[in-house]
Amino acid sequence: AAETPKQEEDYGYDLFPERNSAKYKAKSIKESLFTFNHKCQVMLQFAMETSPYAKLLLSAMKTSGCQVFKDRHFSCEDCDGTVSGGFDAVSSQIVLCQNNIRKQSHMTRVVTHELIHAFDHCRANVDWFNELRHVACSEIRAANLSGDCSFWNEFDRSNFGWKQHHQECVRGRALRSILAVRKVSREKAEKIVDEVFVSCFNDHAPFGRIPHGKKDAGFAYRDYNNRDRYYANL
């Protein structure tokens, strides 16, 4: 990951202590079977096989030349208590915080959120470490398209009812994500989010539209696969 402790702190690596290569080691069979790791792996597999959000993103990445493999591109790890997951651009790996993800619905949402970052990493020249506008754009897209701001998730947080609520939820979650992983003032982060918000909020790739639930995501997955078959037959 990062080369120095300062860089680890600046880019949020301190939230993911197992990203420290000095501590990185293969999990033993005993550890895998009798800790959070096993449950994390089972929930991850279920999300990849059943979630229309995850299935569409996995298909889109494969089409884009970035096929995702469970054992290579996902890692269940213990993290800081403030985060549920992350995307490590250095290793092209999604981190799932096994100590903080306890429910399947939460796992599915985190997998989807981080796969959107991975999709952006695959399709575009994203400068995760030097260009905060790029980070803000991907965070806006992830909050908008992953279900983070769905009605029921916001209802569970007791956040609902005002005009333009979805947009404000997306804006707020993107802002919090940036502040969690970058040493930047709130004022600067807000300014950058505002600058890129409209264009990034309206970028719905690969869904084609904002999926407001599993049904919408299922339609998007069907349409995406039908499109691929159409072009393959041209």
**Request:** Identify the two heavy atoms, one from Met61 and one from Cys122, that lie closest to each other, and give their separation to 0.1 Å.
**Result:** CE-CB, 4.2 Å
**Request:** Would you mind reporting whether Trp128 and Val90 have side-chain heavy atoms less than 4.5 Å apart?
**Result:** no
**Message:** Restricting to non-hydrogen atoms, name the atom on Thr112 and the atom on Leu57 that form the minimum distance, rounded to 0.1 Å.
**Reply:** O-CD1, 3.7 Å
**Asked** In terms of ring plane angle, is the pair His73 and Phe69 parallel, tilted or perpendicular, where the classes change at 30° and 60°?
**Response** parallel
**Item:** From CZ (Arg109) to CG (Asp148), nearest 0.5 Å
**Value:** 6.0 Å
**Prompt:** Considering all heavy atoms of both residues, which atom of Ala118 and which atom of Ile94 are nearest to each other, and what is their separation?
**Reply:** CB-CD1, 4.3 Å
**Prompt:** Is any side-chain heavy atom of Cys40 less than 4.5 Å from a side-chain heavy atom of Met107?
**Reply:** yes
**Message:** Could you tell me if the side chain of Asn99 sits less than 4.5 Å from the side chain of Cys79, heavy atoms only?
**Reply:** yes
**Request:** May I ask you to check whether over 12 heavy atoms, not counting those of Lys62, lie within 6.0 Å of atom NZ?
**Result:** no
**Message:** Tell me the closest heavy-atom pair linking Ala47 and Ala54, and the distance in Å.
**Reply:** O-CB, 3.6 Å
**Verdict with supporting geometry, His166 and Asn144, side chain to side chain donor-acceptor pair (under 3.5 Å)** = CA-CA 8 Å; His166 180 78; Asn144 189 28; 2.7 Å; yes
**Prompt:** Does the Gln93 side chain pair with the main chain of Arg72, one donor and one acceptor, at a distance under 3.5 Å?
**Reply:** yes
**Prompt:** Thr82 and Leu15: which non-hydrogen atoms are nearest, and at how many Å?
**Reply:** OG1-CD2, 3.9 Å
**Request:** Evaluate side chain to side chain contact (heavy atoms under 4.5 Å, CB included) for Tyr13 paired with Asp88, printing each intermediate quantity in order.
**Result:** CA-CA 9 Å; Tyr13 281 91; Asp88 185 348; 2.7 Å; yes
**Complete:** Here the pair of heavy atoms bringing Phe74 nearest to Leu115 is CZ-CD2, 4.1 Å
**Request:** Give, for atom CD of Gln98 and atom NE2 of His38, the distance between the pair rounded to the nearest 0.5 Å.
**Result:** 12.0 Å
**Asked** If you group Ile, Leu, Val, Met, Phe, Trp and Tyr by side-chain heavy-atom gaps below 4.5 Å, do Phe46 and Val111 land in one group?
**Response** no
**Prompt:** How many angstroms lie between atom CD of Gln104 and atom OG1 of Thr108, to the nearest 0.5 angstrom?
**Reply:** 4.0 Å
**Item:** Check: Cys66 and Phe119 side chains under 4.5 Å, non-hydrogen atoms
**Value:** no
**Message:** Working to the nearest 0.5 angstrom, can you tell me the gap between Asp194 CG and Arg171 CZ?
**Reply:** 5.0 Å
**Request:** Find the distance between CG (Leu44) and CG (Asn37) and round it off to the nearest 0.5 Å.
**Result:** 10.5 Å
**Request:** Find out whether Glu114 and Val95 are in side-chain contact, i.e. whether some heavy atom of one side chain is under 4.5 Å from a heavy atom of the other.
**Result:** no
**Message:** Can you tell whether the side chains of Arg133 and Asp127 come within less than 4.0 Å, N to carboxylate O?
**Reply:** no
**Minimum side-chain heavy-atom gap Asp120-Arg123 below 4.5 Å** = yes
**Message:** Is any side-chain heavy atom of Tyr221 closer than 4.5 Å to one of Ser59?
**Reply:** yes
**Message:** Assess the residue pair His113 and Glu139 against the criterion (side chain to side chain contact (heavy atoms under 4.5 Å, CB included)); give the C-alpha distance rounded to whole Å, side-chain angles, the decisive distance to 0.1 Å, and a yes or no.
**Reply:** CA-CA 9 Å; His113 183 110; Glu139 291 295 354; 3.4 Å; yes
**Request:** With rounding to the nearest 0.5 Å, note down the distance linking CG in Leu56 to CZ in Arg222.
**Result:** 12.0 Å
**Item:** No-hydrogen, no-angle side-chain donor-acceptor test under 3.5 Å, His117 and His121
**Value:** no
**Pairs meeting criterion salt bridge (Lys or Arg N to Asp or Glu O under 4.0 Å) with involvement of residues 208-221, two or more places apart** = Arg209-Asp223
**Cationic N near anionic O, under 4.0 Å, Lys191 to Glu187** = no
**Prompt:** Can you list the steps and then say if Asn125 with His134 is a side chain to side chain contact (heavy atoms under 4.5 Å, CB included)?
**Reply:** CA-CA 9 Å; Asn125 186 27; His134 291 187; over 6 Å; no
**Message:** Using side-chain heavy atoms (C-beta onward) and a distance below 4.5 Å, is Lys70 in contact with Gln41?
**Reply:** yes
**Request:** Would you sort out whether Tyr224 and Thr63 count as a side chain to side chain contact (heavy atoms under 4.5 Å, CB included), showing the intermediate values?
**Result:** CA-CA 11 Å; Tyr224 187 88; Thr63 299; 3.6 Å; yes
